[in-house]
Student: 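One structure, as structure tokens, below. Some questions next.
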Amino acid sequence: MNKKNEASPGAIRKISDSLDAYRENIRNPPKFSYRVGEKGLSEKIVREISASKGEPEWMLQKRLFSYRVFKTKPIPTWGPDLSGLNLDDITNYVRPEGKKNARSWSEVPDYIKNTYERLGIPQAERQILGGVAAQYDSEVFYHSIQKRLEEQGVIFCGMDQAVQEYPELVKPKFMTTCVPAGDNKFSALHGAVWSGGSFLYVPKGVKVEQPLQIYFIMNYPQYGQFEHTLIMTEEDSSVNYIEGCTAPHYETASVHSAVVEIFAGKHSRVRYTSVQNWSKNVYNLNTKRAIVQAGAVMEWIGGTLGSGVTMLYPCSVLAGEGARADHLTIALAGEGQVKDGGAKVIHLAPDTHSTVISKSISRGGGIARYRGLVKVKKGCYGCSAHVRCDGLILDSSSGSDTVPRMEIEENDVQIGHEATVGRISAEQLLYLRSRGISEEEATRLIIAGFVEPVVKQLPLEYAVEINRLIEMEMEGL
Amino acid sequence: MAWKNELATRNLRTSVGGKPILRGVSLSIRPGEIHAVMGPNGSGKSTLCHALAGDPNFKTEGTASLDGKDLLGMDISERSRAGLFLSYQTPPAVPGVSVANYLRTIYNAARAPKPPISIAEFERVVKKEMGALRMDEAFLDRYLNEGFSGGEKKRCETLQMALLQPKYVLLDEIDSGLDVDALRIISHDILRLRKERGFGVMVVTHYARILKFLKPDFVHVLHMGKLIRSGNAALAARIEREGYDKIIGDGSR
């Protein structure tokens with residue numbers, strides 16, 4: 001009965017109220033003036049972005065290199081259809097007016113403050129979270145971290161600020177060994193125009209008990225959001241990082257192309273949770289990767305609810321003996337949505353272990369596809385990898401399939417793969433209805449049960465949001 | 001004509017895919033009574049339970065009523081809310097749905113149009129019923145019927161029966177997969193609930209064994225979709241002694 005994410009009805013109502021406020025904000029986005037970069041991409045624009053931030057030369061050079069790589073790479077064609085994406089029409093850098101990197105809430109401009117107030121974020125920070133950062137379009141506006149963590153040497157700040165203040169930490173890791181610019185077309189684009197995001201550094205032995213959280217809000221039409229997240233944990237440390245993404249609806253397409261780089265040091269634990277609810281005209285094309293050292297544990301927990309086309313395959317590189325990775329994802333594919341997602345795990349050391357659990361629901365013509373890779377290099381004995389992907393299809397116009405790839409070069413390993421794609425069981429439905437509940441309510445229960453293994457790992461406000469979204473999606477059935 | 005206080009069928013016939021199963025069953029179960037419907041495999045016992053409960057896979061003719069209300073015009077969930085409860089022989093697992101969440105959902109549905117009760121209030125209600133059934137509270141955190149033993153499934157069904165407060169209870173082969181101790185416990189619980197709540201019971205079974213505990217007021221023999229014999233507990237004893245063949249031979253003569 002005392003489940004982790006069961007809360008008192010009062011708490012749930014409070015969260016629901018803030019979600020209503022958030023939806024109201026989506027319907028009636030606030031009006032404000034922007035400094036807008038030119039549309040499309042050129043070396044001139046890349047230089048302008050870097051200059052406007054007053055970046056050091058090495059970062060400018062990284063951007064220019066990324067831009068050159070971007071120009072040579074074709075748009076990938078192996079996945080979902082990206083022909084509706086016109087990168088020349090996207091504004092790559094938008095900066096709301098206001099003082100950036102405000103450290104106290106009172107310095108944040110009112111219109112942004114109102115949005116976050118309506119979301120209940122400052123309250124949430126006071127009550128639960130160790131630190132909160134909020135990104136409105138390109139710039140990080142508000143960043144705080146509890147004093148105690150700061151004293152322990154934990155750094156949690158905007159990525160732009162980190163470039164300026166912690167180059168000795170950032171320079172060797174930023175788009176070098178984890179996600180190099182040349183990884184793919186969109187990581188190259190990201191490298192050229194990235195802005196905002198978070199930098200998180202946890203020193204040796206420090207265990208950050210409370211979750212650190214960031215919210216991204218994309219509010220400008222035909223705009224690209226390219227935030228960069230860099231997380232480094234030293235030996236024997238641990239951290240729980242959560243990000244939420246949202247955008248109001250605009251008629252024209254926007255693109256979100258984030259890069260997340262995680263360096264999990266020896267015997268450290270990193271939990272990275274991300275729930276995105278971009279509006280349905282956002283192309284959500286991300287590259288997320290972790291390099292996991294000996295004995296470290298990397299957990300990826302993800303929910304992709306919004307956006308039109310999503311391509312997202314968080315990757316764990318298990319680089320040291322005894323490292324482990326757990327990937328848990330849930331995707332909702334509704335009308336007009338293509339969810340192409342999964343997980344990649346590369347076992348590069350002996351005795352490394354991974355599990356992947358992926359759940360998807362498709363309805364209203366939505367397509368959910370699991371695309372994954374498990375690779376075990378020769379000599380990596382004693383490894384185990386288990387992949388389980390389940391797709392639930394709610395009507396005949398929707399689809400779901402799985403494209404799992406296994407490249408196993410070592411014999412002394414345990415590899416398991418289970419995939420199910422199906423509809424709601426008539427037997428379960430009938431049984432539940434025989435207890436007096438309607439078909440809709442029975443269906444909702446079964447769906448909630450289907451996603452439960454992932455939802456129960458999410459922070460409460462996201463668990464509530466996912467259940468509400470399922471209910472909203474169900475209304476059309 | 002239907003009585004005010006009875007679960008009644010008149011000439012109830014069912015078929016699946018054009019194949020007849022029940023060929024005209026007439027029964028009357030009053031509150032507080034226990035009726036046992038016995039019969040060999042394939043006689044239509046489970047069909048009788050599920051057709052009455054409202055399984056849409058059965059095409060049904062004739063009449064069936066609950067306290068004067070027509071059942072055949074109601075769907076399966078309406079029949080439940082009207083006061084009918086079917087204890088499944090093998091209830092399906094519903095992964096990811098906790099017993100607590102499930103029970104609260106069905107409890108609130110049965111309460112409608114009264115407003116749903118709070119989580120805390122429900123917790124009190126369910127723990128009281130579980131205490132009476134000597135069930136471990138840890139049960140509430142498990143997923144519905146997932147990995148349950150035969151006995152756990154039956155007890156979970158009985159817990160639902162206790163919470164939903166039905167007027168009539170249909171027990172589909174509740175003795176299957178239970179050893180004699182589990183059988184005694186489950187029978188004891190059902191008799192206690194009947195005494196407290198006064199519901200009518202129809203139990204269908206192949207074997208007379210459970211009837212030693214349940215002590216039915218009426219025993220009926222179902223054969224080829226028809227009730228060919230009705231009597232009291234002595235009929236069940238005779239079936240156990242002589243087997244169905246003898247009774248069926250007598251009945252169809």
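All figures in this text were calculated on a predicted structure; none of them were measured in a lab. Order of the sequence lines fixes the chain letters, A, B, ..., with proteins taken first and strands second; residue numbering starts at 1 for each chain. Side-chain atoms are counted along with the backbone in the values below, which use heavy atoms only and exclude waters and symmetry mates.
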Student: Could you pull out the closest heavy-atom pair between A:Gly436 and B:Ser80, with the gap in Å?
Tutor: N-OG, 3.2 Å
Student: Using non-hydrogen atoms and a 4.5 Å limit, figure out which bit of B:Asn57 sits close to chain A: side chain, backbone, both or neither.
Tutor: side chain
Student: Taking distance alone, no hydrogens or angles, what donor-acceptor pairs closer than 3.5 Å link side-chain atoms of residues 13-20 of chain B to residues at least two apart or in another chain?
Tutor:
unit_1	atom_1	unit_2	atom_2	d
B:Arg13	NE	B:Asn11	O	3.2
B:Thr14	OG1	B:Leu22	N	3.3

Student: Aromatic rings B:Tyr88 and A:Tyr431: how do their planes relate, parallel, tilted or perpendicular, breaks at 30° and 60°?
Tutor: perpendicular
Student: At what distance, to the nearest 0.5 angstrom, does OG of A:Ser434 lie from CD1 of B:Ile76?
Tutor: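 These two atoms lie 5.0 Å from each other.
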Student: B:Thr105 and A:Leu445: side chain to side chain contact (heavy atoms under 4.5 Å, CB included), yes or no, with the steps?
Tutor: CA-CA 9 Å; B:Thr105 306; A:Leu445 260 186; 4.2 Å; yes
Student: Do any N or O atoms from the side chain of A:Gln428 and from the backbone of B:Ala93 form a donor-acceptor pair under 3.5 angstrom?
Tutor: yes
Student: If the threshold is 4.0 Å, N to carboxylate O, is there a salt bridge linking B:Glu157 and A:Arg435?
Tutor: yes
Student: Going through the distances and angles, do B:Ile106 and A:Leu432 end up as a side chain to side chain contact (heavy atoms under 4.5 Å, CB included)?
Tutor: CA-CA 8 Å; B:Ile106 65 173; A:Leu432 297 177; 6.0 Å; no
Student: To the nearest 0.5 Å, what is the distance between OG on B:Ser77 and CD on A:Glu439?
Tutor: 9.0 Å
Student: Chain A: which of B:Ala53, B:Ala109, B:Pro92 shares the most heavy-atom pairs with it under 4.5 Å?
Tutor: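 The answer is B:Pro92.
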Student: Do you know which of B:Ala138, B:Ala110, B:Pro95, B:Pro166 has the most heavy-atom pairs under 4.5 Å to chain A?
Tutor: B:Pro95
